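What follows is a set of notes on a single structure, which appears directly below.
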Amino acid sequence: MHLVWFKRDLRLHDHAPLSAAARCGPVLPLYIVEPSLIHAPDFAPRHWTFISGCLHELRAALAHRGQPLVVRVGEAVEVLDRLASEWPIEAIWAHEETGNLLSYARDRAVRRWARARGIPFHELPQNGVVRRLPSRDEWQARWEERMAMAQAQPPESLPPLPIDPGPIPSAADLELPPDTLLERQPPGEAAALATLTDFLHRRSRYYHRALSSPLTAWEGCSRLSAYLAWGALSLRTVVQATRARIAELSQQPDPAEAGWLRALAAFESRLHWHCHFIQKLEDEPEIEVRNLVRAYDGMREENHRPDLIAAWAAGRTGYPFVDACMRALTATGWLNFRMRAMLVSFVAYDLWQHWREPGLILARRWIDYEPGIHYCQLQMQAGTSGNRTIRIYNPIKQGIDHDPDGVFIRRWVPELAHVPTAYIHTPWLLDRAGQERAGCRIGRDYPLPIVDHDAAYRRARAAIAAVRARPETAAEVAAVHQKHGSRRPPPQRPRNAGRGSARQLRLDL
């Protein structure tokens, strides 16, 4: 019997371990609910709600083929050891996983256990992340090679095994607190495939214009991130479907489709980011807990302010657009990329807090929490990854640019619902009479700004500049770029583009 261990790959299609194991003999498909992971500081009940929905659908799909998904609660080694004592396990099959440090240690323990038991443990690549990558120089070619491979086909049938599948536990069974999400993204592979099709054939037309504003991003972005994070959809499926759609549109004579092609080209370029960032965590797992550039150690730690972090996490900073974004995230589990970056910028620069604790708060709120992307993006936005460009977002300007009439703010910060549009981004400037007419006293019904952005900006720039000025910083940054930097060739500058356009294009890609 061949055991297929499902982890963050909760799907039937393009699942290489399942396909390979089924060709070798009877399959025991297994999911392990690991207490150490579900009670870790980066896990939340909303994650389990999504995972369990995927598990129920996966169990039904496997049962339709003859053998339902088996679910066990316990740490991985103890569960596998118990199963190996009861069943003749010929081999274990699983995808390679680049997760948090807990899952990294877990996988190493399972490999040691399998060797001691004399059981072959086959770990197959799931995406474009390359294990034991010798150099980034060859990474892009390897990524393209994997994305072009044929998708693994699911087995048509699985011999049934006389084993109790076991219940899929509820959050209460696992002693998790209630899930507080107000809006939910449907889980499972069927929803993932439907979302992909809907995006490529309908919603992606204005993707490049819709992705920055929270007014348009909910509909205009792909919304595939949660399915990719938990493996309800493979990245190869998304890449191949996107390229097929681009090829289809390229054959259409209608010049109006040129804009759609630009939108899908922008989307495809971002698919490279997915594995680019996860590869960094694969190569250096400690990115989860320490600065990528160690020269920045100690820069923020002494300024730790739990009260400021708590206000930021509650959406009570006094900056309406920041608070609206945080409250929307808390209620839905999702936010578009620019607004995610602004939230990190605010806590890292305006509040001058180290990224680790806010990072755990955000990890618990993203439905699409992917450790490799999450921690690398945190550090990039907080300025500790060695990036040449420091992005400090002005929270007032971001609101004016992306929510000019305050529609998003009024939805998620209802205290400000009746504040005049002229003051919706700076309600503290509204006089007392105006506040009374709006039914919102600033400082009582809605907080005053907890920090002055202009002063915080000057302080942050000075502190970052001081670290950069040290000779040892430049050497360390160069080493980080050599190890983790993208080797993709820079995009060609359009002939009619100004300097600013080309510079922004380089940053975007």
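Bear in mind the structure is a predicted one, so any value in this text is a computation, not a measurement.
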Taking only Lys NZ, Arg NE, NH1 and NH2, and the carboxylate oxygens of Asp or Glu, determine whether R305 and D307 approach each other closer than 4.0 Å.
yes
Sequence neighbours excluded, which residues qualify as side chain to side chain donor-acceptor pair (under 3.5 Å) partners of R340?
D368
When the ring planes of W230 and F43 are compared, do they come out parallel, tilted or perpendicular, using 30° and 60° as the limits?
perpendicular
Relative to each other, are the rings of F267 and Y207 parallel, tilted or perpendicular (30° and 60° limits)?
perpendicular
Any pair counted as salt bridge (charged side-chain N to carboxylate O under 4.0 Å, His left out), so long as it reaches residues 208-224, sequence neighbours left out
R202-E219
Can you confirm whether more than 12 heavy atoms, excluding those of H201, are under 6.0 Å from its NE2 atom?
yes
Output all residues satisfying ring pair (Phe, Tyr, Trp, His ring centres under 6.0 Å) with W355, sequence neighbours left out; order by chain, then residue number.
none
Hey, could you give me each pair passing salt bridge (charged side-chain N to carboxylate O under 4.0 Å, His left out) that has a residue in residues 226-235? Not counting sequence neighbours.
none
Any Lys/Arg nitrogen of E144 or R243 sitting under 4.0 Å from an Asp/Glu carboxylate oxygen of the other?
yes
Under 4.0 Å between a side-chain nitrogen and a carboxylate oxygen: does that hold for R131 and E123?
yes
What residues, two or more places apart in sequence or in another chain, satisfy ring pair (Phe, Tyr, Trp, His ring centres under 6.0 Å) together with H95?
H15
Does the side chain of R142 reach to within under 4.5 Å of the side chain of M147, using non-hydrogen atoms?
no
Donor-acceptor pair between D350 and Y393 side chains, under 3.5 angstrom:
no
If the condition is salt bridge (charged side-chain N to carboxylate O under 4.0 Å, His left out), which residues does R205 pass it with, not counting sequence neighbours?
E257
